[in-house]
Amino acid sequence: MAAISAAQVKELRERTGLGMMECKKALVEAEGDVETAISNLRKNSGLKAAKKAGRTAAEGVVRLKVTDDASVGMMVEVNSETDFVARDDGFLAFADRVLDTAFQNGETDIEKLVVDDLEKEREELVQKIGENITARRAVRLEGDVVGGYVHSTNGMGALVALKGGSGELARDLAMHVTAVNPRVATPDDMPEEEVEKEREVIRSQPDMEGKKPEIVEKMMSGRIQKFLKENSLVEQGFVKNPDQAVKDLLKEHGAELVSFVRYEVGEGIQKDETDFASEVAAQLKG
């Protein structure tokens, strides 16, 4: 068996980012050949990545990009298991490459997006970092004007498409959407089942008890209107000027709202409740 030098281990660590013991083991198996060791590690990375794939990735980042002429915007969510990894330079670089690839190809289907070199990079990153990493979703908007905004934490963002208006207005509205989180664009867009759920909530409120049906209906009508106003983008007070409704801001700039999309990292994902101490103990035993 070839002797493995500290210099060889150092070189493999620098080139792969893996731990010392894993690098030494790979070099022993490759009989001291660094290139063979790298090749073998890459072949095994799919298996290592697959072992991580069942673990919940509910942290991560939102990334977006808009064309220079502000006619097209793309937004993606890329996930990790912990917020610590979500701040890792390697993870952020991968998230940016997912965005760039989606942007260049106009692709929103993740299964078609993260393939070939991008999937290979994902697997190698999983191997290096030791966490499950996934590209979760992507969206593309078109319009006369598209604007985007990502919050400083990278945990949420939005795209807004307008007919008329300006890039600055679209970006301001994307900031509003990110901060206020409207559920629909206009009151008419609210699904009837959501309105009915709200009616049930209102009916069960203490101040409805014992009142005549016509009084209940009148009170309910007012509260439903308030619910629709609070949750509809165009009816909300603009975040930079709450006294001005978004619909009036749009009118002032000769613009119409076409569509909007808001992403928040991990929304809708059932997070695992992990006993950190037990997990560390299990890894030490392994």
Side-chain angles (χ1 to χ4, degrees), residues 58 62 64 66 73 75 77 136-137 139 141 143-271:
V62 171
L64 65 78
V66 176
M75 182 166 60
E77 178 187 349
R136 184 186 182 199
R137 51 183 172 168
V139 65
L141 291 188
D144 288 354
V145 179
V146 177
Y149 173 81
V150 173
H151 187 58
S152 58
T153 62
N154 295 320
M156 62 184 76
L159 286 174
V160 170
L162 302 176
K163 181 179 179 182
S166 65
E168 182 180 0
L169 175 63
R171 186 180 184 280
D172 278 350
L173 289 176
M175 183 187 297
H176 173 100
V177 169
T178 302
V180 182
N181 193 16
R183 292 166 67 172
V184 293
T186 72
D188 290 341
D189 295 326
M190 186 67 73
E192 183 55 39
E193 58 266 28
E194 292 297 314
V195 177
E196 188 53 43
K197 284 181 185 176
E198 188 63 19
R199 287 196 183 101
E200 288 300 321
V201 170
I202 295 169
R203 286 191 190 100
S204 65
Q205 290 173 351
D207 63 345
M208 291 293 185
E209 190 175 346
K211 288 186 170 58
K212 294 180 180 180
E214 59 268 26
I215 300 298
V216 169
E217 192 59 37
K218 185 175 181 181
M219 291 175 66
M220 185 178 296
S221 176
R223 293 184 190 182
I224 287 294
Q225 292 305 311
K226 182 182 179 183
F227 164 75
L228 292 173
K229 182 176 181 179
E230 289 176 347
N231 289 281
S232 303
L233 173 55
V234 300
E235 298 292 337
Q236 292 174 338
F238 179 44
V239 70
K240 285 188 172 182
N241 178 16
D243 292 331
Q244 183 180 35
V246 169
K247 62 182 179 184
D248 296 327
L249 177 68
L250 288 164
K251 185 177 180 181
E252 179 183 305
H253 288 83
E256 295 178 25
L257 177 67
V258 175
S259 59
F260 73 90
V261 179
R262 181 184 186 272
Y263 277 0
E264 185 168 347
V265 167
E267 59 188 347
I269 297 176
Q270 183 65 42
K271 297 185 181 182

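These figures come from a predicted structure and were not determined experimentally.
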Side-chain ion pair, R137 and E267, N-O less than 4.0 Å | yes
What's the spacing between M190 CE and I224 CD1 if we round to 0.5 Å?
-> 9.5 Å
Atom CD of E198 and atom CG of L228: how far apart are they, to the nearest 0.5 Å?
-> 8.5 Å
Side chain to side chain contact (heavy atoms under 4.5 Å, CB included) partners of E235, counting only residues at least two apart = P187, K229, S232, K247
For a quick test of your reading: what N or O donor-acceptor pairs under 3.5 Å do the side chains of residues 147-163 make, sequence neighbours left out?
from : atom 1 : to   : atom 2 : distance (Å)
T153 : OG1    : G155 : N      : 3.3
N154 : OD1    : R63  : NH1    : 3.4

Chi angles and distances behind the side chain to side chain contact (heavy atoms under 4.5 Å, CB included) call for F227, I202 | CA-CA 10 Å; F227 164 75; I202 295 169; 5.9 Å; no
Non-neighbouring partners of R223 that pass salt bridge (Lys or Arg N to Asp or Glu O under 4.0 Å), sequence neighbours left out | D207
Mind checking what makes side chain to side chain contact (heavy atoms under 4.5 Å, CB included) contact with P206, not counting sequence neighbours?
-> none
Approximate separation, where rounding is to 0.5 Å, of S204 OG and R199 CZ | 14.0 Å
Is a donor on one side and an acceptor on the other found under 3.5 Å between the side chain of Q236 and the backbone of N181?
-> no
Quick one: list whatever passes side chain to side chain contact (heavy atoms under 4.5 Å, CB included) with K240, sequence neighbours left out.
-> D172, M175, F238
Output all residues satisfying side chain to side chain donor-acceptor pair (under 3.5 Å) with R171, sequence neighbours left out; order by chain, then residue number.
-> none
Evaluate the criterion side chain to side chain contact (heavy atoms under 4.5 Å, CB included) for residue pair L233 and L257; output intermediate values, then yes/no.
-> CA-CA 9 Å; L233 173 55; L257 177 67; 3.6 Å; yes
Below 4.5 Å, heavy atoms only, C-beta onward: do L173 and F260 meet side chain to side chain?
-> no
Heavy atoms only: give me the nearest L169-G165 pair and the separation to one decimal.
-> CD2-CA, 4.3 Å
Determine yes or no for a side-chain-to-main-chain donor-acceptor pair under 3.5 angstrom, with H176 supplying the side chain and V239 the backbone.
-> yes
Under the salt bridge (Lys or Arg N to Asp or Glu O under 4.0 Å) test, residues paired with E209 that sit two or more places apart | none
Hey, could you give me each pair passing salt bridge (charged side-chain N to carboxylate O under 4.0 Å, His left out) that has a residue in residues 249-263? Not counting sequence neighbours.
-> R262-E264
Salt bridge (charged side-chain N to carboxylate O under 4.0 Å, His left out) pairs, two or more places apart, involving residues 173-187 = R183-E194
May I have all residue pairs that pass salt bridge (charged side-chain N to carboxylate O under 4.0 Å, His left out) and include part of residues 213-222, sequence neighbours excluded?
-> none
Set of residues satisfying side chain to side chain contact (heavy atoms under 4.5 Å, CB included) with respect to V216, sequence neighbours excluded | M208, K211, M220
List the atom of A245, the atom of V234, and the distance in Å for their closest heavy-atom pair.
-> CB-O, 4.1 Å
Quick one: side chain to side chain donor-acceptor pair (under 3.5 Å) partners of E200, sequence neighbours excluded?
-> R203
Pairwise side-chain contact, V258 with D144, heavy-atom cut-off 4.5 Å (strictly under) = no
